[in-house]
Every structure is written in C-alpha cells, then in structure tokens.
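Beneath this line is the structure, given in structure tokens, with notes to follow.
Note that the coordinates shown come from a computational prediction; the quantities given were computed from them, not determined experimentally. Lettering of chains follows the sequences in order, A, B, ..., and the numbering in each one begins at 1. Side-chain atoms are counted along with the backbone in the values below, which use heavy atoms only and exclude waters and symmetry mates.
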Protein chains: 2
Amino acid sequence: MSGAAPAIKPEVMKQLFHPEIEDVLPADVFAALGDPIRLGILVSLADCDEVDKARCGAFTELASPSLLSYHFAKLREAGITRSRAEGTVRFLSIRREEFDRRFPGLLDSVIETARRDPSVPRVKLDV
Amino acid sequence: MSGAAPAIKPEVMKQLFHPEIEDVLPADVFAALGDPIRLGILVSLADCDEVDKARCGAFTELASPSLLSYHFAKLREAGITRSRAEGTVRFLSIRREEFDRRFPGLLDSVIETARRDPSVPRVKLDV
DNA sequence: CGACAATTTCAATGATTGTTGAATCATGAG
DNA sequence: CTCATGATTCAACAATCATTGAAATTGTCG
C-alpha cells in the first residue's frame, strides 16, 4: 500500500529471505505450521522469548542441524520467524508485532494450542 | 476418558471416516488448513452455518467435484468438519463444540484470519 | 595462516500433495 | 427396471515435502 518498493539486495537476499508481512498469505502460514517439528520450534521460542536470544543451535534435540535449517527456512519464509546472523551464530525469534498486526489474535491461539498438546516436542532454551 | 467405546459400524465406516476429536493432532489440523480451497470451504461454512444445511454441491465454484471431494476428506480427517449423507446428497458442517473443546479459541481466530483475507475464495451458501 | 565451530546448501531419496478426468456407486424419479 | 444426479473413488501425473549425509560457507581464535 505504501509506495516503498522492496529494493532488495540480491547478494544478501540469497540467504535469510524474509517476506514483507503484507505478502504473507494465511494458507502459507498454516502450511508452515503443519509440522510437529516446526510447531515445536515455535512453542520453544514462545516459552523462552527473552527476545532474540534463542540460538539456532539450541534446537538440536528436535532434529539434525541440516533438517533444522530446512524447518527454520520454512518458518521464516512464512513470515512467522526472523533469523538474525551474529558472527558465526544465528538467532531466531518470532515476528510478534508485525505478525499480530497482520493476523490479530492468530499467533496467540496457535501457540496456546501447540503448548497444550503433548505431541508437540519442546526444547528448554537456557535463559 | 469416558468408558463409551466407539462401536463403529464397519460398512458405514468405509466412507465418511471421522476421527475421535481426542485423536486429532495440532499439526494435522494446521496441515489441513494449509490450502486456500480448504480455507475457502471453512469460511463459507462459518458464514452460512445454518448448521448442517450446507450441501457439498454448493461449493462447485471453488473446484471440480472430484477435487472438492478430496478437500472435503482432508478437512474431515483432520477433525474440522463433519459430513452427513442424506439420500443422494451430502451435508457438510463444522464440528464446532467438539473442536472448541479440544482446541479452545483456535477455530475462531483461524476463521477470522481466513475471513479477513481476500486470497481466500468464498462461496455464498443459500439460506 | 589454518583449524574449528555453527549453519546453510546441495544432491539424492521416498513419501505425500494437489489436480485431472474417467469410472464407479448410490439413491430417487419416471 | 432404467435413467439421471450427487458425490466419491481410482489411476495417473508433476510438484513439493521431509529427511539424510556429505560438502560448502562464514566467522572466530590460536
């Protein structure tokens, strides 16, 4: 709606692509949530969220590094999470404000649903 | 939890399988919601719901009969909808109370999310 | 520099998905 | 009984998915 064109830098773009929150579609969000490992990542983030302090490497109980990377990308491309690189480490966080503005109330009930269910795996993220 | 065993009639079971709501997993629900046609069926049902009065044949604007049948099955197997056969016609409805008991608040925000988004197709179900 | 650690990428795999069109199966009408 | 109708099933297909393990990438530290 605002005139600001994306103006994406292609070199940086190759990795760590984050969609504009306006471009995210409901069906894509739900598809991204349709996997137990990804739900596990989400609730673990939600239950830790000392915002932006969750290292990607803290999720190794859930899957192998390469598979985790795959799932991180799915969540990121669905507009649910943000990945920030800092040195050799990556931090993962929920795009809370943006996402809540785009889909009010949705994330809360999704997280609550996942949190309540024992079929969703969890990771204790150190504070 | 309650002692009442399912006691399912196998002849009727072959088609129209509905899972026990307790057996439905969050990831399966979200996977079922991860498709625009299925979201369209859901919001159309939610916006009509003169409960149990929605014929399957009323959704033909969304897809071909055979594809609709496929999507109906997905929603049904995810515990979201109920399909009732009456003569040569089938009626479709949302498993509201059960689902809300199993996942409180979830369906409301899912439907609201889908309703608000123009990417989700809709069908006007005659009252 | 060179070894190391944290992640991502790549190639390969089998499984599942969404879609199509033809065939099938009931049921109710004539 | 036969025929049309509403809906599901089946076979086929390309596309995408989740998963694996090996290789490449990037930054840190000695």
Open item on the list: I need the minimum non-hydrogen distance between A/Val120 and A/Pro36, along with the two atoms involved.
Closed with: CG1-O, 4.3 Å
Open item on the list: Can you measure A/Phe59 atom CZ to C/dT7 atom C1' for me and round it to whole angstrom units?
Closed with: 14 Å
Open item on the list: Assess whether a salt bridge exists between A/Arg96 and A/Asp108, defined as any Lys/Arg side-chain N lying under 4.0 Å from an Asp/Glu carboxylate O.
Closed with: yes
- [ ] Would you mind checking if B/Asp117 and A/Arg102 are paired as a salt bridge, meaning a charged N to carboxylate O distance below 4.0 Å?
- [x] yes
- [ ] Answer yes when B/Glu98 and B/Arg101 have at least one side-chain N-carboxylate O distance shorter than 4.0 Å, and no when they do not.
- [x] no
- [ ] With the side chain of B/Ser64 defined as its heavy atoms from C-beta on, choose the nearest nucleotide among D/dA7, C/dT20, D/dA22.
- [x] C/dT20
TODO: In whole angstrom, give the distance that lies between atom CZ of A/Arg84 and atom C1' of C/dT7.
DONE: 15 Å
Task: Nearest-Å distance for atom pair CG/C1', residues B/Leu62 and C/dG18 - done: 15 Å
Task: Whole-Å distance separating the CD1 atom of B/Ile37 from the P atom of C/dT17 - done: 15 Å
Open item on the list: Do B/Phe91 and B/Ile41 land in one hydrophobic cluster if side-chain heavy atoms of ILVMFWY residues count as linked below 4.5 Å?
Closed with: no
TODO: Would you indicate which nucleotide in D/dT20, D/dT8, C/dT7 comes nearest to any side-chain atom of A/Arg55?
DONE: C/dT7
Identify the pairs formed between an N or O of the protein and an N or O of nucleotides 13-17 of chain D at a distance under 3.5 Å, and give each distance.
{"from": "D/dC17", "atom 1": "OP1", "to": "A/Lys74", "atom 2": "NZ", "distance (Å)": "3.2"}
{"from": "D/dC17", "atom 1": "OP2", "to": "A/Lys74", "atom 2": "NZ", "distance (Å)": "3.1"}

- [ ] Specify whether A/Phe59 and A/Phe72 have parallel, tilted or perpendicular ring planes, treating 30° as the upper limit for parallel and 60° as the lower limit for perpendicular.
- [x] perpendicular
TODO: Could you tell me the separation between the CG atom of A/Leu75 and the P atom of D/dA18, rounded to a whole number of Å?
DONE: 10 Å
Open item on the list: What's B/Leu68 touching, base or sugar-phosphate or nothing? Going by heavy atoms closer than 4.0 Å.
Closed with: nothing
Task: Side chains of B/Leu75 and B/His71 in contact at under 4.5 Å (non-hydrogen atoms) - done: no
- [ ] Rounded off to whole Å, could you give me the CZ-to-C1' distance for the A/Phe17 and C/dT9 pair?
- [x] 18 Å
Open item on the list: With a 4.0 Å limit, can you tell me whether B/His71 has a side-chain N or O closer than that to the phosphate oxygens OP1/OP2 of C/dT19?
Closed with: yes
TODO: Round to a whole Å and report the spacing from CZ of A/Phe72 to P of D/dT19.
DONE: 13 Å
TODO: Identify which nucleotide among C/dT19, D/dT9, D/dG6 has an atom closest to any side-chain atom of B/Leu67, counting heavy atoms from C-beta outward.
DONE: C/dT19
Task: Nearest listed nucleotide, side chain of A/Thr88, among D/dT26, D/dT9, D/dT19 - done: D/dT26
Open item on the list: Tell me whether the side-chain N/O atoms of A/Arg90 come closer than 4.0 Å to OP1 or OP2 in C/dA6.
Closed with: no
